[in-house]
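Working notes, structure below.
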Protein chains: 2
Amino acid sequence: MASSASEALTPRAREIVAAARLILEQEGPDGLSMRAIAERLGIRAPSLYKHVADKETLEVALISDGLAEIAETFESAAAAGDDPLASIACAYRGWALAHPHLYRLMMDRPLPRDRLAPGLEDRAAATVVAATGGDPDAARAAFAFAHGMVVLELNERFPPAADLDAAWNRGVAAFGRRRERGSGA
Amino acid sequence: MASSASEALTPRAREIVAAARLILEQEGPDGLSMRAIAERLGIRAPSLYKHVADKETLEVALISDGLAEIAETFESAAAAGDDPLASIACAYRGWALAHPHLYRLMMDRPLPRDRLAPGLEDRAAATVVAATGGDPDAARAAFAFAHGMVVLELNERFPPAADLDAAWNRGVAAFGRRRERGSGA
DNA sequence: GTCTATACCCGGATAGAC
DNA sequence: GTCTATCCGGGTATAGAC
């Protein structure tokens, strides 16, 4: 199943993307230079340009891979528990905290929609919409809440003593599908 | 009333901060170089260092000023309408959309708490806590929601057709103080 | 308080040899 | 496909003259 945009790249280019990701996750965005990527592969920076057009292409590949991973994570989470929105929220937070620099790279700018695999963005969104009972306003509000919580947590914006789990629960409860009488199926 | 941290700076330093703010708001963070600031003031970059220690000090001043403005905005909003949380949310969104680059400078990193005027952060937070009926979890969730909405809107993350006002209303309703029977006073 | 000159670092990217 | 050499741009910041 082709879920990663970097699969359209040559094998060598995929190695370069993989090296870039390691550097990004370990050293942050300031460490992600073409020179550093080349060094990790044991070559010189100019050689990279035989395989990748430019740095921006590399970043698009990283963003695309991250999006695909989030979509997969959402689908697993939604299928797992009896409270899809809570499961998705938990998965979202977990993924973001596990990949802070990649998460920021993905979120801190407009999506390069014209360079992503078609349907990728919708795939991630669909599970959230479903979990909010098909209400797009609630889905967007829930997305905003989750992103806000994650990014404020990453940026150490809350007081150290703050109970972030409680705040998460408060938000998830606010946007969850209203339980219907009887079965939800 | 001393609400702005840059009031502790010399008059010339405040002129520099003002120039920096104009550049930041008009050209974004990449345009905010010491050279550009100096040029706007009709001097050379090295001269700035007679008045300001370094660039980071300048950024702290910008952040501090922005925080003070937000706190003032919140206080006015909370006092104005009959639904404080909705008023604050509206003020928050309005301020952020009016100052996108400054907003990001303020939010995209940990707060330099040790370099801010004491009580400044709490002052902004207090109105939100009050508007959520004193529930800190709800206040944090509301903060996260508002920040998420604003930053996703700034980053053009929602579909162009999305009704963001509706999403805002959905979130504000979710975190607002539960109306008590009779009067709220 | 401003200047010139400059040190020192970094980055992305290209040309052309091998 | 990799290399060396290099271009060209940018940035913060300091030294020392005036």
Without decimals, in angstroms, what is the distance between [X] [atom1] and [N] [atom2]?
X	N	atom1	atom2	result
B/I37	D/dG11	CD1	P	11 Å
B/L58	D/dG11	CG	P	15 Å
B/L48	D/dT14	CG	P	12 Å
B/E27	D/dG10	CD	P	13 Å
B/I43	C/dT2	CD1	P	5 Å

Select one nucleotide: of D/dT2, C/dC3, C/dG1, the one nearest the side-chain heavy atoms of B/H51.
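Comparing D/dT2, C/dC3, C/dG1 against the side chain of B/H51, the answer is C/dG1.
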Counting distance only, does the side-chain N/O of [X] pair as donor-acceptor with the main-chain N or O of [Y] below 3.5 Å?
X	Y	answer
A/N155	B/M107	yes
A/T57	A/A53	no
B/S64	B/V60	no
B/D163	A/D137	no

For residues 145-156 of chain A, which residue pairs pass the salt bridge (Lys or Arg N to Asp or Glu O under 4.0 Å) check, not counting sequence neighbours?
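Residue pairs with at least one partner in residues 145-156 of chain A: A/R93-A/E153.
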Could you run through nucleotides 5-18 of chain C and give me one letter per nucleotide, 5' to 3': B if any protein heavy atom sits under 4.0 Å from the base, S if only the sugar-phosphate is that close, - if neither?
B-----BBBBB---
Look at B/R12 and C/dT2 and indicate whether a side-chain polar atom (N or O) is within less than 4.0 Å of OP1 or OP2.
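True: B/R12 side-chain N/O within range (under 4.0 Å) of C/dT2 OP1/OP2.
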Applying the salt bridge (Lys or Arg N to Asp or Glu O under 4.0 Å) criterion to A/R21, which one of A/E15, A/E69, A/E27 satisfies it?
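Per the salt bridge (Lys or Arg N to Asp or Glu O under 4.0 Å) rule, the option paired with A/R21 is A/E69, out of A/E15, A/E69, A/E27.
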